[in-house]
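Step one of this worksheet: look at the structure below.
Everything quoted here is computed from the prediction, not taken from an experiment. Counting starts at 1 for both ligands and their atoms, following the listed order.
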Amino acid sequence: MIKFEIKGLEDYQNNYSKSVQNPEAFWGAIAKENFTWKRPWSKVLDWDFSSAKVSWFQGSELNITENCIDRHLENKGNKTAILFEPNNPIEPSEAITYNDLYKRVNRFANVLKSKGIQKGDRVCIYLPMIPELAISVLACARIGAIHSVVFAGFSASALSSRINDCDCKMIITSDGGFRGSKNIDLKSIVDTALLDCNGIESVLVVKRTNSEVSMVSGRDFWLQPLLDAASEVCEATVMKAEDPLFILYTSGSTGQPKGMVHSTAGYMVYTAYTFKNIFQYEAEDVYWCTADIGWITGHSYIVYGPLLNGATTLMFEGVPSYPDYGRFWSIVETHKVTQFYTAPTAIRALAKEGLEVVKPYDLSSLKILGTVGEPINEEAWHWYNNHIGKHKCPIVDTWWQTETGGIMISPIPNSFEGKPTFATLPFIGIQPALMDENGQEIEGNSVEGRLCVKFPWPSMARTIWGNHQRYKETYFSAYDQKYFTGDGALRDENGHYRITGRVDDVIIVSGHNLGTAPIEDAINEHINIAESAIVGYPHDIKGSALYGFITLKNPQDLSDSLKTEINQLISKHIGPIAKLDKIQFTLGLPKTRSGKIMRRILRKIACKDTSNLGDISTLLNPEVVEAIIKNSI
Ligand code: WT7
């Protein structure tokens, strides 16, 4: 028997060594004793990194929603499962108990079935942060439909390409969404997207803003009347361990976004176990993660991880600045939030507003603070620790990725503490490795390299939807027998890890993972533009911001409106989050003799670090570099 709770350094060390020495025995015990299974597995783990194939708990059968909801009904039926805090503070919050959640998920699942959705079908969810978002995710899982949540900040064209990539049969959306003082017309974005999607048979529309929308007869349905007519009992579909639970798109350094596929049993076990221990969740706690469910953080640590533990998980519809910059702290006070999990970019934005917006609020309920999404700088870490945690709350700087499904490297509050800018030690079962330029693992401490993982963990993504070859090439080809993360990291004298940032062409802007290629593709659509190169540069609030170096087909075409047009194209193809902060037009881009843009040089120019550009004489066009430096912004 292995205890689910980690209660101190000794537990961590014991469990960690068990998980590495005999992973199958370790995860088998955790899985068996803490979840409801309909049939046990025949093999805990089967894996082969050379073909990028991994399966956990093979042979078992289960339904994740029975583990998230049904099994809590007996003892926790009246406990709040989801605490919904609306955008407008005047509107009352809503407490959805486990009993309520059971009924609402079942009703929704029955509606999906009545519209022809079956096990294995893909359902796109494009909703604001309202309870129906979590409920529709669970309703899909209830009947074995694969949910593909698309963050509601993505544009119509980003939405349609995600719908088409995995052939969604249905989309669930709302008439609109409230975000601060704005109303976002989600339904009209969906209507535009669907002009390019042939596979969608039905559109379910949640009423939220009461905005006027157009409904296509026979295709579009208001959700509420369908829910009213549906039964509140829906038997959970029996799923195999490796049946896909969901697809979630993440941008890569090249090409189309990647539809990461997560499967059922391993994801369940790992998200539940990490949630419990990293956030030290206890029965009466009110846990709040400020992410959007459109990202992996929301999937794993707003919906699945907390509900698997029978927790109360707060869902916030709005933004940190509305009606003023005290909103987060006011919510913490009102709901007596105990664990608070957010992104460094939010911390920096709030710190900038000064303490006047923090001081009025009683934050004494807080026990643990978390951060995720990008490296946290020391200043932000200390501000969080001093002014929000008041030196009493351990900070968990959690490093992980869409692909990893769950937190990989993080402090565990009662076992070992964090230190600023360090994600610290691998979680139970995680075997990191740092690699050098020659593809060799770097052993020992006080070293730096590229971060890999050398052994499978239960919640790792299993493939890229429709393209296993790309999955293998992206993650398992850079280093033999290892999963490559795309991040650099150092390991200090105590074996603690500090993530130093991406080593590929992915830029993390305000915690959002943006590939440069899709942005460049969007810009290059402009008829006057010949070429573009996007790089990141440090930004006080966003962590990194985007700098575009752009050449025109004909320099005479430079106009005042061009910068606006470029950002409009980016908004159209990707979404406003990918807009450029700086745009520099240049007569040429530095290239290698084989014609490859030398981003390394552009990155240095954007970072105003031009003292050592390295040898530029081997460039095809060294003369352009000086002009670019001279005109840099
Ligand atoms: C990339 C993954 C996992 C949820 C949110 C982002 C960066 C994430 C940290 C952290 C330093 C971090 C990495 C990673 N990242 N957390 N605590 N410290 N960097 O998921 O969009 O898939 O992005 O975010 O560069 O590779 P994602």
Side-chain angles (χ1 to χ4, degrees), residues 149-151 153-154 246-253 257-260 262 267 270-271 274-275 278 289-305 341-348 369-378 380-381 384 395-411 418-427 430 432 450-453 457 459-461 464 474-475 478 483-490 496-515 518 536 542-544 574-575 577-578:
V149 182
V150 176
F151 171 61
F154 276 115
F246 65 86
I247 300 169
L248 186 61
Y249 286 85
T250 185
S251 44
S253 44
K258 299 169 283 193
M260 304 311 307
H262 282 282
Y267 177 83
Y270 193 79
T271 53
T274 46
F275 174 79
I278 292 167
C289 165
T290 70
D292 192 289
I293 294 175
W295 310 112
I296 191 71
T297 308
H299 282 60
S300 302
Y301 299 110
I302 296 178
V303 181
Y304 288 112
Y341 190 27
T342 195
T345 185
I347 299 169
R348 289 190 295 263
L369 302 176
T371 83
V372 60
E374 56 184 314
I376 180 165
N377 49 309
E378 285 221 44
W381 195 98
Y384 204 27
I395 295 180
V396 292
D397 175 356
T398 63
W399 174 82
W400 58 298
Q401 309 178 293
T402 304
E403 295 85 338
T404 68
I407 296 169
M408 302 289 279
I409 305 183
S410 167
K419 70 174 171 178
T421 77
F422 279 77
T424 69
L425 294 174
F427 191 72
I430 304 305
R450 299 190 163 200
L451 180 61
C452 287
V453 187
W457 63 100
S459 68
M460 62 192 292
I464 291 175
T474 311
Y475 303 104
Y483 166 82
F484 175 45
T485 64
D487 283 324
L490 62 79
H496 286 218
Y497 289 84
R498 174 192 199 170
I499 311 301
T500 50
R502 299 294 304 188
V503 294
D504 55 10
D505 288 327
V506 170
I507 304 169
I508 314 258
V509 179
S510 300
H512 300 311
N513 198 327
L514 298 172
K542 301 178 180 184
S544 296
I574 301 157
I577 49 175

(Q) I'd like to check whether T371 has a polar contact with ligand 1, where a contact means an N/O of the residue lying under 3.5 Å from an N/O of the ligand. (A) no
Q. Does T402, backbone or side chain, put an N or O under 3.5 Å from an N or O of ligand 1?
A. yes
Q: Could you point out which residue of Y270, Y267, F275 forms a ring pair (Phe, Tyr, Trp, His ring centres under 6.0 Å) with Y304?
A: Y267
Q: Would you mind checking which non-hydrogen protein atom is closest to atom 14 (C) of ligand 1, with the distance to 0.1 Å?
A: D487 OD2, 3.1 Å
Q: Report the nearest protein non-hydrogen atom to atom 4 (C) of ligand 1: residue, atom name, distance rounded to 0.1 Å.
A: T297 OG1, 3.1 Å
Closer than 4.0 Å to some heavy atom of [X] - which atoms of ligand 1 meet that?
| X | result |
| --- | --- |
| D397 | 10 (C), 17 (N), 18 (N) |
| I296 | 3 (C), 4 (C) |
| N513 | 2 (C), 21 (O), 22 (O), 23 (O), 27 (P) |
| T398 | 9 (C), 10 (C), 16 (N), 17 (N) |

Mode of [X] contact toward ligand 1 - side chain, backbone, both, neither (heavy atoms, under 4.0 Å):
| X | result |
| --- | --- |
| E374 | backbone |
| I376 | neither |
| I508 | side chain |

(Q) Is G373 close enough to touch ligand 1? Criterion: a residue heavy atom under 4.0 Å from a ligand atom. (A) yes
